[in-house]
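Convention: sequence-line order gives letters A, B, ...; per-chain numbering from 1.
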Amino acid sequence: MQKANRFLLLIPAALGIIVFALFPLIQIAIPTVTSGANPIALYTQFLQSNYDLQVIFRTLTIATVTTVITVLLGLPTALWISRQSVSWRQFLSVIILFPILTNAVVRNFAWIIILGKNGVLNNMLQALHLISAPLTLLYTNTAIVIGSVYLFLPIMITTLVDSANGLNPEIEEAAAVLGARPFTILREIILPQMAPAILTGAILVFSGAMTAYTTPQLLGGNRHLVMSTLIYQQAMTLGNWTNASVVAMVLIVLSLIVLGLLRWYTGRLDRRVDHA
Amino acid sequence: MARLTLDSLAMTYGHGDPILHDLSLAVADGQLVSLLGPSGSGKTTTLRIIAGLLQQTSGTIKVDDEDISRVPVYKRGLSMVFQSYALFPHLTVFANVAYGLKRQKLSKADITAKVTAILQTTGLTDLAERYPQELSGGQQQRVALARALVVDPRLLLLDEPLSNLDAKLRVAMREEIRRLQLQLHTTTIFVTHDQEECFAISDKVAVLNQGKIEQYAAPEEIYHHPQTEFVARFIGFENFLPVNGTVADHAYRVGDQTVAVAGPTKPDAKVLTIRPNQIQLSPDDQGLSGQVTIRTYLGSAYRYTVDSPLGTLQIDGPTETPVAIGAPLHFTLPADQLLPLEA
Ligand SMILES: Nc1ncnc2c1ncn2[C@@H]1O[C@H](COP(=O)(O)OP(=O)(O)OP(=O)(O)O)[C@@H](O)[C@H]1O
Ligand SMILES: [Mg+2]
C-alpha cells in the first residue's frame, strides 16, 4: 500500500482523538486565556495562594499514600491468590472486583456509616472499651485515603495477580537451591520480576486517586478539598469558571509529571526484561 | 564431590497413590549416575527430594556420612539445573552465575574471579552482560550449568537439561556436561528418558519404573543384560517370546516350538527376548518361516513385522534385498543372542 493512502486511513482515528481528547483539553484551557486577565498572573496567583497550595499538597499526599498502601496490601494478596488452585483463583479474581462494581455513591455512603461519629467502627471500639470517646474519622484525609484504597485496591491486585501468575516457580526454587531463604527469594527474585507490574499498578492507582471526585467529596467534606472537589466548588458553587480551569490545568500538568516519571522508570525496567 | 546414599525413599503426594516405593541408591564419589525411565516414573520427584524441594514421606538421604533428610533446601549445598533452566530474568548472565556465591557471602573479588573462570570454561565470556532473554536455548543451558557448577556443589542434579535443544546441540551439550563433570569431579545425578543420551555419558544407570528401581548397573551391562522385561523393552528389545517350559538344559518351549539357547536354561525364565537386528535372515527352506505383514524403512535397515510360528516378531533385514509385504521370510534365532528373563 502507498504511504499516502496509509495516512488517509489514519484520518478517522486521528479525528477521533482530536475531537474526544484534545478538544476538551483545549476547552479547559481556553477560559484561562480569554477571561481578560493575564493568564500567567492567574496561574501565579493560584500557585501563591496558601489555601490552594494546601489543596495541591493534600491531593498529592492522598494519591501517594493511597498508591503506597495499595501496593503494600496488594502484593501479598496477589502472591497469595496466584498460588491457589486454578478454580479458587478465578473465584477470588471475581470477588476482588466487587468494590469497582458497586455504585460510587452507595459505596461511599457505606463508608460514612462505618466511619461516622456514631458509626459502626466507633460503636465497636467503644463496646470493646478500646476508646472512651468516639474518634473523628469521617471528613478527614484519613477517610479519603480509606475510601480511595478500597476503590483502587482491586485494580492494583488485578494488575499484580496477572504478573504473579506469570512467575515461573522453578526460578524461585533455583534461588532456594543456591542458598536463598524465603524472605531473600521474595526480595531478590520475586519483587524484581514484578517491578514493572507494580509500577503499572501504581500509575493506574495514582492517576485514579489524583482525579477521583465522588470519594473525596463524600468522605472529605467541605473542609478537606482536593483538586477535583476544588474544581467543582469553583465552577458550580462559585461560578468562577476561570479559576476552575486554572486548577484543572494544574491538575493535568501535575499528573503528567508524576506519570511521566513512573513511565520513564518502567521503561528502564522493561529494557532489562523484554529485549526479546 | 561426595557420595550420595538414598535409603528406602518413599513419597506420596497428598492423599494420592504412592509415587516412590522403597527407593535405594548409592552413588560413588565423582560418578555420573543417570535416572532413566518413562514419563511419570518418578525421576523428577526423586531429584526434587534429593534437592530438598520436596519432603519425602519416609526414608533417608545421606551425603557422605551426613544425614540431610530434614535439612532445608537452602542449606543443602547442592546445585540443580532445571528443565526450564530457570534463569533469573532480571539479572545478567554474570549476575545469574554469581548468585550462589553471593548467597555464600563471598567477597566481591572472589566472586568476580570465580565467575570469570567458569564463564571462560563454559564459553560464555562474551555474553556476560546479556540478559537471559537475549540468549539462545543452548546458551541459556550453559548459563544454567555455569550457575550450578560455580558454587562447587557437593552434588549436581540435572533434570532433563537437554530436552529443549535440537538433536545436534543435544549431543554436543551432553559431551560438554560430561567433560565438565569429569574435570571438576562433581558427583552428578542426571535425569533423562533418552536411553542413548544416558548410555553415552553415565558411569551407571538406574532404570526407574513406577517409582521403583528395576536395575542399577553400568550402561554396557544394562544394554547387554537387562534383568527385567521392562528394562529390556525400554532399551530396544522388541521381541518377547513367552516361555512355557524347558527342554532338557539347552532349549525352551515357546508355544509348540522348541527354541535352543546357549548355556544352561533357567527354570524360572518367563520370556525369551532378542533385538530385531539380532535375528538372522536365512536362505529359503532353512530355519523358521513367517509372513511379512508390515515393512518399515529405518534408513540403515528394513524392519519387518512377521507372523511366525513363534508369534509376531520384529526382524531387521538389509536394505539391498527387500522382502515384499505378504511374502515369506526365513530366519533363525541365534542361540547365543537369546536372553531369558525371569521377570
Ligand atoms: N505435585 C504433584 N502432585 C501430585 N502428583 C504429582 C505431583 N507431581 C508429580 N506427581 C505425580 O508423580 C508421578 C511422578 O512424577 P515425576 O514428575 O516424578 O515423573 P518424571 O519421571 O519426572 O516424568 P517426566 O519424564 O514426564 O518428567 C506422576 O504420576 C505424577 O503425576
Ligand atoms: Mg520430570
Side-chain angles (χ1 to χ4, degrees), chain A residues 71 75 78-79 82-89 159-202 262 264-276, chain B residues 14 44 47-48 50-54 71-92 95-106 129-137 140 143-159:
Chain A
V71 170
L75 254 179
L79 285 170
S82 72
R83 279 155 170 72
Q84 304 306 309
S85 70
V86 177
S87 52
W88 188 224
R89 213 154 68 191
T159 310
L160 295 182
V161 165
D162 251 12
S163 159
N165 282 344
L167 295 175
N168 171 4
E170 285 195 346
I171 291 177
E172 290 152 43
E173 291 175 345
V177 173
L178 288 170
R181 287 160 188 262
F183 189 70
T184 312
I185 293 175
L186 178 68
R187 210 183 54 229
E188 295 183 349
I189 307 297
I190 296 178
L191 287 185
Q193 288 186 79
M194 289 184 68
I198 295 174
L199 282 169
T200 304
L262 287 173
W264 171 78
Y265 194 62
T266 314
R268 283 180 38 138
L269 293 179
D270 280 347
R271 205 173 52 88
R272 188 186 68 185
V273 221
D274 359 278
H275 251 291
Chain B
T44 298
L47 211 61
R48 291 170 62 81
I50 299 172
L53 293 168
L54 266 182
V71 175
V73 47
Y74 51 85
K75 282 190 188 158
R76 288 202 181 182
L78 317 179
S79 275
M80 181 155 173
V81 173
F82 294 80
Q83 195 173 345
S84 68
Y85 309 145
L87 300 179
F88 307 129
H90 57 293
L91 299 179
T92 61
N96 260 280
V97 176
Y99 191 81
L101 299 172
K102 211 178 104 200
R103 294 265 48 90
Q104 294 177 356
K105 305 267 187 286
L106 261 63
E129 294 313 315
R130 296 243 196 125
Y131 285 96
Q133 291 75 10
E134 304 168 334
L135 302 177
S136 72
Q140 291 184 25
V143 177
L145 203 58
R147 182 177 71 177
L149 285 171
V150 75
V151 294
D152 198 8
R154 295 193 288 179
L155 214 60
L156 175 63
L157 309 172
L158 305 166
D159 193 359

* **Heavy-atom contact with chain B under 4.5 Å, split by part of A/Glu188** => both

* Asked: Considering only heavy atoms from C-beta outward, does the side chain of A/Thr184 approach that of B/Arg103 to under 4.5 Å?
  -> yes

* Among A/Ile171, A/Leu167, A/Asn168, whose side chain to side chain contact (heavy atoms under 4.5 Å, CB included) with B/Pro89 holds? -> A/Ile171

* To do: Run the numbers on B/His90 and A/Met194 for side chain to side chain contact (heavy atoms under 4.5 Å, CB included), then give the verdict.
  => CA-CA 10 Å; B/His90 57 293; A/Met194 289 184 68; over 6 Å; no

* Asked: How would you list, by chain and number, every residue that makes a side chain to side chain donor-acceptor pair (under 3.5 Å) with B/Thr44, sequence neighbours excluded?
  -> B/Asp159

* **Max heavy-atom pair count under 4.5 Å with chain A, selected residue of B/Gly100, B/Ala148, B/Pro132** => B/Gly100

* **Ion pair B/Arg48/A/Glu170, N-O distance below 4.0 Å** => no

* **Interchain contact, B/Gln104 with chain A, by part (heavy-atom threshold 4.5 Å)** => neither

* To do: Identify the heavy atoms of A/Ala180 and B/Tyr74 that sit nearest to each other, and give their distance.
  => O-CB, 3.5 Å

* To do: Sequence neighbours left out, what passes ring-ring contact (aromatic ring centres under 6.0 Å, His included) with B/Tyr99? Give chain and number order.
  => B/Phe88

* Which atoms of B/Leu101 approach chain A - backbone, side chain, both or neither, heavy atom under 4.5 Å -> neither

* **Closest non-hydrogen atom pair between A/Ala174 and B/Ala86, with its separation** => CB-O, 3.9 Å

* Measuring from B/Leu53:CG to A/Glu172:CD, what's the distance to the nearest 0.5 Å? -> 11.5 Å

* Asked: Checking heavy atoms, do the side chain of B/Val73, its backbone, both or neither come under 4.5 Å from chain A?
  -> both

* Closest non-hydrogen atom pair, A/Leu178 against B/Ser79 -> CD2-OG, 4.3 Å

